[in-house]
Structures are given as structure tokens and as C-alpha cells.
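Being a predicted model, the structure only gives us computed values, none of them experimental. Sequence positions, counted from 1, serve as the residue numbers for this chain.
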Amino acid sequence: MVGYISNVILFTFTVQQGGMTNTRLGKIHVPPATLFIIPNTFQMIMLAVYDQFIVPFLRRRTGYVGGLTHLQRIGIGFASMLLASVIAAIVERKRKEAVVQMSLFWLAPQVVLLGVSDVTSFTGLLEFFNSEAPRGMKSIATALFWCVLGVASLMATLLVEIVNWATRHGHQGGWLEGTSLDNSHLDLFYWVVAIVALLGFFNYMYWAKKYVYQHNPRIVETSADRDSL
């Protein structure tokens, strides 16, 4: 759940960041919320490419039916969220220091990485629950998936409150309590989010390495196995 905190926070504050940028594309005004068309489009394209090309290639290399195990895909998603948090912090600092208003599309890299995390971690987690849960608990496993995301959203809200409380001094508000993002410290908060994402990633890697699959995902011989025969 800790690993998904950064995903929730980035989706929320990226829209606010977009509102402080130059949202014009030529003569067209682009609403900041439409940035999320980018990850949605990326997800549709990536899922098709992944199923048709990447999975067969990885299957021949790794021997796993899905190319990668469910836990490996989830780990890639967490790494993408961590990288997105770091990029968001750097872009926000550049935005505040820029003399000329930054273009909205500077936010595209962090949004694309969020799309990568959705394609890998969300689908990986859902498939993990469905494949590893006992037959009579499939529906409960699906509910657990949504519970994880819901609890992560609550933890994200709690993190915002804790940071504001910790950085509030007298009449000076916390990092995220400014009248606008120009008067706030969203860039510093993103670094806090990146640290939380890093801790979540290490915690996940520790437990993922200890997990033993109930159903063996490696049912295809690798090229190395065939060569040894």
C-alpha cells in the first residue's frame, strides 16, 4: 500500500501544477486535466504492444507464461512511480525558477511514467490476486485490489496532513498551505514522496523475494533449458 501513495499524490498535484503552466498549444487552450489523456492513450497502446510483441519475446527468454512474473511487473510499476516522483520534483523546481512560464507539456514525462505504473503494477497486482487466491476467494481477491488502492489514498491524505503539520511555523503555513503553488513548496514535498516511494519499493522487494508462488509461473522451457537438453 505504501508503494501506491506516490501514484495517488502525483495524479492529484500534477493537475494543480498544470494550472500554473502555459496551457496553450498554438492557438488552442489545453486544460491541465487533459494531460491524463496521455497515460490513458499510452496504456491502450502499451497493453496491445505488450501482449503481441513483448510477452512472446520475454517468454522465450525467461520461460514465464506472461513474460514476467506478476511480482516483477508490480516491482517495475513501483520503480516507475519512484522515478515519476523524482522527475516531478525537478520539474516543479524548474517551473518556480523559470523566468518565462513553463509549457504544460513539461509535465508529460511524469504523466507517462504514471501510465507505465498503471500498466505494470495495477494489472500485475490484480492478476496476482486472481491467480494466487484459492478458487473460492477469487471475488474477495479482486475486492482486496480495490481496498489496497483505497487505503493508499487515505495514507496519501495523511501524509499531506503530516507534512503540513511538521512544516508549519507560527503564522507561516505548511509546505502545501500557500495561496498558490508559487507560494508553496511542492517540489520539496515531492522529494518526501520520492523517499516514501523508495522505502515502499525496498519493503516490497524484501517480501517479494520471500514469496513462493502457489502456481508455478514458469511452465515454458527457456532457450537455455532447451540448449542443455
Check which hydrophobic residues are tied to [X] through side-chain heavy-atom contacts below 4.5 Å, counting indirect links as well, and list them.
X	value
L158	I162
I90	V86, W191
W207	Y206
L199	I195

Just grab all the salt bridge (charged side-chain N to carboxylate O under 4.0 Å, His left out) pairs involving residues 65-88, residues at least two apart or on different chains.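 Qualifying pairs: R73-E127.
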Return the set of residues passing side-chain contact (heavy atoms from CB on, under 4.5 Å) with [X] (not counting sequence neighbours), or none when no residue passes.
X	value
L71	T69, I74, F128, Y204, A208, Y211, Y213
D51	V55
A152	Y4
A156	I5, V8, I9

Roughly how far apart are [X] [atom1] and [Y] [atom2], rounded to 0.5 Å?
X	Y	atom1	atom2	answer
L188	L176	CG	CG	9.5 Å
L149	N7	CG	CG	8.0 Å
S117	F78	OG	CZ	9.5 Å
L113	M81	CG	CE	11.0 Å
N130	H70	CG	NE2	8.5 Å
T21	Q101	OG1	CD	6.5 Å

Are the side chains of Y190 and L10 in contact, using a 4.5 Å heavy-atom criterion? yes
Any side-chain heavy atom of V119 within less than 4.5 Å of one from Y50?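 The answer is no; the side chains never approach within 4.5 Å.
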Does CD in Q52 sit with more than 12 non-hydrogen atoms of other residues, nucleotides or ligands closer than 6.0 Å? no
Pairs flagged by side-chain hydrogen bond (donor to acceptor under 3.5 Å, both in side chains) wherever residues 149-168 is involved - sequence neighbours left out: R168-E177
Show me the pairs that pass side-chain hydrogen bond (donor to acceptor under 3.5 Å, both in side chains) and involve residues 83-95, at least two apart or across chains.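 Passing the test, one end in residues 83-95: Q17-E92, E92-R95, R93-D187, R95-D182.
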Smallest heavy-atom separation, M46 atom then I54 atom, equals CE-CD1, 3.7 Å
Side chain S184, main chain L186, donor-acceptor under 3.5 Å: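 A pair under 3.5 Å: no.
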Residues that F201 engages under ring pair (Phe, Tyr, Trp, His ring centres under 6.0 Å), provided they are two or more places apart: none
